[in-house]
Asks: 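One structure follows; several queries about it will come next.
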Amino acid sequence: MKIGYPCINQSLLCRSSRTFRLASYSDERLILTLEENLRCLLEILRYNRNHGIFFFRISSDLVPFASHPICSVDWQDAFKERFSALGSFIRDNQMRISMHPDQFILLNAKDPDIIDRSVSELAYHAEVLDLLGLDLNAKVQLHVGGVYGDKKASIERFIDQYATLDESIIRRLVIENDDRRYTVKDCLFIHERTAIPIIFDSLHHQVNSEGEIVSEVFPDIAATWESHDGIPMVDYSSQEPESRAGKHAVAIDLPDFLAFTEDILPFDVDIMLEIKNKEKSALIAIAALENDDRLVRIR
DNA sequence: AATGGTCAAGTCAGC
DNA sequence: GCTGACTTGACCATT
């Protein structure tokens with residue numbers, strides 16, 4: 001069981017997600033920014049290793065405008081060695097990596113242009129993981145998409161689009177239940193038709209489900225991960241008190257976290273903490289699990 | 001140097 | 001019809 005956090009390390013001064021405005025695009029600026037982002041990514045990964053954190057989500061902004069038509073830099077080739085060196089560091093330390101394209105990426109859109117842009121963006125994400133030389137347990141997690149007033153038809157569009165994707169994307173892609181539209185049950189239905197693995201999000205399930213008990217539904221979710229996909233990834237957050245339902249907590253609620261791990265035991269999973277204070281909560285969770293004798297129940 | 005409006009991309013709920 | 005929320009900051013024009 002690895003514990004991780006997404007994209008940003010607040011203890012370090014650098015960010016691996018620096019970007020800039022489209023209006024100020026130049027090839028030179030893209031190269032300088034990517035150089036800086038890769039340097040910082042290594043710094044974050046070193047911090048993680050030194051602190052016993054072995055799960056990390058790489059920011060989608062690592063390569064700004066990578067899938068935008070304005071980008072004509074062959075960054076894949078220019079930074080090949082850098083990606084390869086980063087990948088060696090990740091593999092040598094047996095780290096788990098994920099990426100999470102943001103809300104604009106919609107495989108089930110009705111507008112073919114939106115689908116085209118989405119597929120390009122997914123190809124970019126898969127390419128980053130390929131350039132790092134990571135095996136198939138490094139995943140790109142995506143929400144199912146919009147409902148467009150007809151969920152059934154929108155699920156069918158997702159399934160149809162998924163079938164047209166290149167194998168280089170399919171082997172990396174997993175779907176996640178979201179907080180307003182597609183539930184775990186919807187994801188399981190899509191899995192039956194596509195074999196796509198499901199990444200379970202605890203807070204989204206809390207605010208958007210058909211009442212399934214986590215400990216009862218989790219075995220079905222875990223079974224969507226084949227052995228080459230690695231053990232299941234899950235996203236965990238608790239609800240921030242006195243805020244909108246679904247708002248991610250600022251700091252980890254340790255009793256809630258331990259209750260969640262109880263729900264998913266005895267499955268071994270890697271847990272991404274989607275908590276605003278990032279690595280601080282990861283360190284607390286890791287320390288709490290260190291001497292937890294429940295973990296011997298993991299199979 | 002500080003400020004605050006605005007930023008590639010989409011959907012949807014709530015006003 | 002517009003705004004804010006989403007995993008959320010941070011760029012950058014203007015003063």
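Chain letters run A, B, ... following the sequence lines, proteins first and then strands; every chain starts at 1.
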Asks: For A:Phe104 and B:dA9, say yes or no: do the ring centres fall under 5.5 Å of each other while the ring planes differ by less than 30°?
Replies: yes
Asks: Counting Watson-Crick and G-U wobble pairs only, both distances under 3.5 Å, name the nucleotide matched with C:dT15, or none.
Replies: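 B:dA1 - that is the nucleotide pairing with C:dT15, both distances being under 3.5 Å.
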Asks: Take atom C1' in C:dA5 and the same atom in B:dC7, then report the distance between them in whole Å.
Replies: 16 Å
Asks: Search all heavy atoms of A:Arg181 against all heavy atoms of A:Asn208 and return the closest pair with its distance.
Replies: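 That would be N-ND2, 3.2 Å.
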Asks: Starting at the 5' end of DNA chain C and moving along, which residue's nearest nucleotide shows up first, A:Phe20 or A:Ile8?
Replies: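 Per heavy-atom nearest nucleotide, the more 5' residue is A:Ile8.
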Asks: The side chain of A:Ile105 is closest to which nucleotide in this list: C:dC12, B:dA13, B:dA9?
Replies: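 Between C:dC12, B:dA13, B:dA9, the one nearest the side chain of A:Ile105 would be B:dA9.
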Asks: Output yes when at least one side-chain N/O atom of A:Ser24 is less than 4.0 Å from OP1 or OP2 of C:dC11, else no.
Replies: no
Asks: Taking pairing as Watson-Crick or G-U wobble with both contacts under 3.5 Å, can you name the mate of B:dT6, or confirm there isn't one?
Replies: C:dA10
Asks: Quote, to the nearest angstrom, the P distance that separates B:dA9 from C:dT3.
Replies: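 Per the computed distance, 16 Å lies between those P atoms.
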Asks: For A:Tyr148, which contact category applies under a 4.0 Å heavy-atom criterion: base, sugar-phosphate, or nothing?
Replies: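 Result for A:Tyr148 = sugar-phosphate.
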Asks: Give a yes/no on whether any side-chain N or O of A:Arg15 is located under 4.0 angstrom from OP1 or OP2 of C:dT8.
Replies: no
Asks: When you check the phosphate oxygens OP1 and OP2 of B:dA8, does a side-chain N or O of A:His68 lie under 4.0 Å from one of them?
Replies: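 No, no such contact exists.
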Asks: If the P atom of B:dT6 is compared with that of C:dG4, how far apart are they to the nearest Å?
Replies: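 Approximately 12 Å lies between the P atom of B:dT6 and that of C:dG4.
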Asks: Please report, rounded to the nearest Å, how far the C1' atom of C:dG4 is from the CG atom of A:Asp179.
Replies: 14 Å
Asks: Can you check the A:His248 NE2 to C:dT8 P distance for me, whole Å?
Replies: 6 Å
Asks: Tell me whether the side-chain N/O atoms of A:Arg18 come closer than 4.0 Å to OP1 or OP2 in C:dC11.
Replies: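 Result: yes.
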Asks: Starting at atom CD1 of A:Ile70, determine the distance to atom P of B:dA8, rounded to an integer number of angstrom.
Replies: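 Distance, rounded to whole Å: 10 Å.
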Asks: Would you call A:Asp229 and A:Lys139 a side-chain contact if the rule is heavy atoms closer than 4.5 Å?
Replies: yes
Asks: Are A:Phe20 and A:Phe65 an aromatic pair by the rule of ring centers under 6.0 Å?
Replies: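 Ring-ring flag for A:Phe20/A:Phe65: true, centres closer than 6.0 Å.
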Asks: With rounding to whole Å, what would you report as the distance between B:dG4 and C:dC6 at their C1' atoms?
Replies: 22 Å
Asks: Quick one: does A:Arg57 reach the base of C:dT7 with a side-chain donor-acceptor pair under 3.5 Å?
Replies: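 Counting by modelled atom types and ignoring angles, no donor-acceptor contact under 3.5 Å is found here.
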Asks: Given C:dT7, C:dC6, B:dA8, identify the nucleotide with an atom nearest to the side chain of A:Lys247.
Replies: C:dC6
Asks: Rounded to the Å, how far apart are A:Ile275 CD1 and C:dT7 P?
Replies: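 About 13 Å, once rounded to whole Å.
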Asks: Counting heavy atoms from C-beta on, name the nucleotide in B:dA8, C:dT7, B:dA9 closest to the side chain of A:Glu274.
Replies: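 In terms of side-chain proximity for A:Glu274, the closest of B:dA8, C:dT7, B:dA9 is C:dT7.
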Asks: So, A:Ser237 versus A:Glu274: side-chain donor-acceptor pair below 3.5 Å or not?
Replies: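 No.
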Asks: P atom, C:dG9 versus B:dC12: distance in rounded Å?
Replies: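 Per the computed distance, 25 Å lies between those P atoms.
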Asks: Under a 3.5 Å cutoff, is there a donor and acceptor pairing between the side chains of A:Tyr236 and A:Asp256?
Replies: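 Yes.
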Asks: Taking the side chain of A:Asp102 as its heavy atoms from C-beta onward, which of B:dA9, C:dA10, C:dA5 lies nearest to it?
Replies: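 Ranking B:dA9, C:dA10, C:dA5 by closest atom to the A:Asp102 side chain puts B:dA9 first.
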Asks: Which part of the nucleic acid, if any, lies within contact of A:Ser67, taking any heavy atom under 4.0 Å across all strands shown: a base, the sugar-phosphate backbone alone, or nothing?
Replies: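 It contacts base atoms.
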Asks: Taking atom P in both C:dT7 and B:dT3, what distance in whole Å separates the two?
Replies: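 Comparing P positions in C:dT7 and B:dT3 gives a spacing of 30 Å.
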Asks: When the distance from OH of A:Tyr25 to P of C:dC11 is rounded to whole Å, what number comes out?
Replies: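 In whole Å, C:dC11 P lies 17 Å from A:Tyr25 OH.
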Asks: How long is the line joining CG of A:Asn177 and P of C:dC6, in whole Å?
Replies: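 Result: 16 Å.
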Asks: Looking at A:Phe200 versus A:His205, is the centre-to-centre ring distance below 6.0 Å?
Replies: yes
Asks: Can you tell me, in whole Å, how much space there is between the P of B:dA8 and that of C:dA13?
Replies: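 Rounded to whole Å, the distance is 12 Å.
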Asks: Provide, to the nearest angstrom, the distance between the CZ atom belonging to A:Arg21 and the C1' atom belonging to B:dT6.
Replies: 5 Å
Asks: Ignoring hydrogens and angles, state whether a donor on the side chain of A:Ser154 or A:Arg157 is under 3.5 Å from an acceptor on the partner side chain.
Replies: yes
Asks: Could you check how far CD of A:Gln103 sits from C1' of C:dG4, rounded to whole Å?
Replies: 12 Å
Asks: Does a nitrogen or oxygen in the side chain of A:His143 sit under 4.0 Å from OP1 or OP2 of B:dG10?
Replies: no
